[in-house]
S.K.: 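Have a look at the structure that comes next, please.
This chain uses plain numbering: 1 for the first residue, then up along the sequence. Since this is a predicted model, take the numbers as computed values, not measurements.
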Amino acid sequence: MKVAQFSNFGNPSQVIECIELPDLNDPKEDEVLIDVLACPINPADILNIEGKYGVIPPLPARLGAECVGRIKKIGSSVSGFNEGDIVLPLDRENWVQQKITSANNLILLPSDVDPIQLSMLKVNPATAYLMLKKYVNLNEGDWLIQDAANSGVGHCLIRLAKQEGVKTVNVVRREGLDKELKEIGADIVVKDSQNLAEEVKELTNSAKIKLAIDAVGGDQVLRLGDCLDEKGTILNYGLLSGKNIEMSSYQTVFKSLVLTGFWLSPWLQNMSRKEVFELYNFLATLIGKKVLHVPIEKTYNLDDIKQAVEHSAGYNRSGKIILTPNGDF
């Protein structure tokens, strides 16, 4: 079977490689053997290869926080699953053609939903949902502002907020994204600038914005903070700029803004098994209804992993980059 891994930290397209390993044997009694159908390339994967992620893995390392797979074989004591079922593994190291995992790590998914969309279920929809619901009490008609609005998480936030009746200001870094984002429910789309706060104030009729969601870091956070009402919250979940977050003393002392961070892993670890299953079943239902949907720019097989990670790391994409380890399906 083919596996994507890296033995050194560095430029992703240079250090990542596709290697051949023997096919996996039969699973143990409480395990299942899965054929991996699709897995997205996330910014965290790129940071991991560069050695810049919050957790540094031992080398050589395999990647992939999420995937969707089809069960090929079932251990003798496994119940609730059948061969051919479509499943979401909750563990990592998913950029592989096959994997064996505990049945306790699996969530059964609908078989009539696009597997490529389901492959993005674990990270982006859950991140968007928890950031929207668990930090600031937003009621119908309230506003939030986010940057990186054209990202996978950005798309999910727009769609989920629309469903909740929450209005969104969506900050982007290039022109030409208004139509696409408004079609999925964005209320306002604005290109980032030094005059962001003034533009947002005018466009929202001086709305009191309670929550800013940031994936960029750097001085972008300063501008988001200027858009917030007093005692607003800035929630950071990424560092696309590669620069540390900037805030002013005026924002922290006189506006009493709160800065906090979001990382999905601790949330999942602290949730009960029942809560995790309910979360993902709810989000899978929304994907099935196309309430949640992320555009795809291109799919790659594992042989082309270098081109795939290089493509994913670039700007000006119009959708997600997806790996299909076992080819088209």
Side-chain angles (χ1 to χ4, degrees), residues 1-5 16 18-27 31-42 44-45 62-75 78 80-126 152 155-156 264 276-277 279-281 283-290 292-309 311-312 319-329:
M1 71 168 184
K2 294 176 182 177
V3 171
Q5 70 173 37
I16 194 75
C18 178
I19 64 171
E20 289 276 356
L21 295 176
D23 287 345
L24 298 177
N25 295 319
D26 292 339
E31 295 177 333
V32 298
L33 172 63
I34 297 169
D35 287 329
V36 175
L37 299 178
C39 31
I41 299 178
N42 291 318
D45 296 312
R62 297 182 187 178
L63 285 163
E66 57 184 338
C67 76
V68 66
R70 179 184 290 117
I71 294 179
K72 187 173 184 179
K73 292 183 181 179
I74 296 178
V78 172
F81 296 99
N82 297 297
E83 292 181 6
D85 281 347
I86 303 300
V87 290
L88 170 73
L90 293 177
D91 51 10
R92 293 177 172 267
E93 299 187 356
N94 292 307
W95 292 4
V96 296
Q97 285 188 307
Q98 289 185 322
K99 63 179 294 176
I100 290 177
T101 189
S102 167
N104 289 332
N105 282 332
L106 295 179
I107 293 176
L108 182 65
L109 297 178
S111 60
D112 58 349
V113 178
D114 181 5
I116 287 183
Q117 289 296 319
L118 289 175
S119 75
M120 298 177 283
L121 169 61
K122 179 185 171 186
V123 175
N124 288 349
H155 275 246
C156 291
L264 181 61
V276 172
F277 275 55
L279 171 65
Y280 283 118
N281 285 326
L283 294 172
T285 299
L286 295 185
I287 292 175
K289 294 178 178 178
K290 297 187 178 179
L292 289 175
H293 182 89
V294 176
I296 307 301
E297 178 154 316
K298 191 170 182 179
T299 61
Y300 290 86
N301 58 40
L302 285 183
D303 289 324
D304 297 322
I305 188 63
K306 290 181 179 293
Q307 297 97 306
V309 297
H311 191 168
S312 179
K320 201 76 172 177
I321 305 301
I322 304 290
L323 300 172
T324 52
N326 286 288
D328 295 334
F329 46 86

S.K.: So, for Val36 and Cys67, which heavy atoms are closest and what is the spacing to 0.1 Å?
M.R.: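 Heavy atoms only, the tightest pair is CG1-CB, 4.0 Å.
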S.K.: If only atom types and distance count, is the side chain of Asp85 paired as donor or acceptor with the main-chain N or O of Leu109 below 3.5 Å?
M.R.: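 Answer holds: no.
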S.K.: The test is side chain to side chain contact (heavy atoms under 4.5 Å, CB included); show your working for Lys306 and Ile16 and say whether it passes.
M.R.: CA-CA 6 Å; Lys306 290 181 179 293; Ile16 194 75; 4.0 Å; yes
S.K.: With sequence neighbours left out, write down each residue that passes side chain to side chain donor-acceptor pair (under 3.5 Å) with Tyr280, or none if nothing qualifies.
M.R.: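 In terms of side chain to side chain donor-acceptor pair (under 3.5 Å), with neighbours along the sequence ignored, Tyr280 is linked to no residue.
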S.K.: Does the side chain of Leu37 reach to within under 4.5 Å of the side chain of Ile86, using non-hydrogen atoms?
M.R.: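 The answer is yes; the side chains approach within 4.5 Å.
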S.K.: Would you be so kind as to tabulate the donor-acceptor pairs closer than 3.5 Å made by side chains of residues 116-123, with sequence neighbours excluded?
M.R.:
from   : atom 1 : to     : atom 2 : distance (Å)
Gln117 : OE1    : Val294 : N      : 3.0
Gln117 : NE2    : Val294 : O      : 2.7
Ser119 : OG     : Ile116 : O      : 2.6
Lys122 : NZ     : Ala65  : O      : 2.8
Lys122 : NZ     : Leu90  : O      : 3.0

S.K.: Contact between Val32 and Thr101 at the side-chain level, heavy atoms closer than 4.5 Å - yes or no?
M.R.: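 Yes, at least one pair of side-chain atoms sits under 4.5 Å.
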S.K.: At what distance, to the nearest 0.5 angstrom, does OG1 of Thr299 lie from CG of Asp328?
M.R.: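 Interatomic distance, Thr299 OG1 to Asp328 CG, rounded to 0.5 Å: 5.5 Å.
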S.K.: Atom CG in Leu108, atom CD1 in Ile71: separation rounded to 0.5 Å?
M.R.: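 So the CG of Leu108 and the CD1 of Ile71 are separated by 7.5 Å.
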S.K.: Under the ring pair (Phe, Tyr, Trp, His ring centres under 6.0 Å) rule, collect the residues that match up with His311, sequence neighbours excluded.
M.R.: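 With sequence neighbours excluded, His311 shows a ring pair (Phe, Tyr, Trp, His ring centres under 6.0 Å) to Tyr300, given in chain and number order.
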S.K.: State whether the side chain of Lys99 and the backbone N or O of Leu24 hold a donor-acceptor pair below 3.5 Å, judged by distance alone.
M.R.: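 Checked: no pair found.
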S.K.: Any side-chain heavy atom of Leu323 within less than 4.5 Å of one from Ile41?
M.R.: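 Counting from C-beta outward, Leu323 and Ile41 do come under 4.5 Å.
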S.K.: To the nearest 0.5 angstrom, please state how far the CD atom of Gln98 sits from the CG atom of Leu33.
M.R.: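 If we round to the nearest 0.5 Å, Gln98:CD and Leu33:CG are 5.0 Å apart.
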S.K.: Could you walk me through whether Asn281 and Ile107 pass the side chain to side chain contact (heavy atoms under 4.5 Å, CB included) test, one step at a time?
M.R.: CA-CA 8 Å; Asn281 285 326; Ile107 293 176; 3.9 Å; yes
S.K.: How many angstroms lie between CD1 in Ile321 and CG in Asn42, if you round to the nearest 0.5 Å?
M.R.: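 Spacing of CD1 (Ile321) from CG (Asn42) equals 11.5 Å.
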S.K.: Could I get the full list of side chain to side chain donor-acceptor pair (under 3.5 Å) partners for Asp45, not counting sequence neighbours?
M.R.: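 Not a single residue meets the side chain to side chain donor-acceptor pair (under 3.5 Å) criterion with Asp45.
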S.K.: Enter the distance from Ile34:CD1 to Arg70:CZ here, rounded to the nearest 0.5 Å.
M.R.: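 Spacing of CD1 (Ile34) from CZ (Arg70) equals 11.5 Å.
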S.K.: According to side chain to side chain donor-acceptor pair (under 3.5 Å), does anything in residues 104-116 pair up with another residue at least two apart or in another chain? List the pairs.
M.R.: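 Sorted pair list comes back empty.
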S.K.: In Å, rounded to the nearest 0.5 Å, how long is the span from CD of Gln97 to CG of Leu302?
M.R.: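 Output value for this atom pair is 6.0 Å.
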S.K.: Treating Ser312 as the side-chain partner and Ala308 as the backbone partner, does any N or O pair qualify as donor plus acceptor under 3.5 Å?
M.R.: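 Between the backbone of Ala308 and the side chain of Ser312 there is no qualifying donor-acceptor contact (under 3.5 Å).
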S.K.: Looking at residues at least two apart in the chain, or sitting in another chain, which of them share a salt bridge (charged side-chain N to carboxylate O under 4.0 Å, His left out) with Lys2?
M.R.: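 Partners of Lys2 under the salt bridge (charged side-chain N to carboxylate O under 4.0 Å, His left out) test: Asp303.
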S.K.: With a 3.5 Å distance limit and no angle check, can you tell me whether Glu31 reaches the backbone of Gly75 through a side-chain donor-acceptor pair?
M.R.: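 Not a single qualifying donor-acceptor pair exists.
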S.K.: Which pair of heavy atoms, one from Pro40 and one from Glu66, lies closest together, and at what distance?
M.R.: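 Scanning both residues, the minimum pair turns out to be CG-OE2, 3.2 Å.
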S.K.: Write down the atom of Gly64, the atom of Asn94, and the distance for their closest heavy-atom approach.
M.R.: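 Shortest heavy-atom contact: O-ND2, 3.0 Å.
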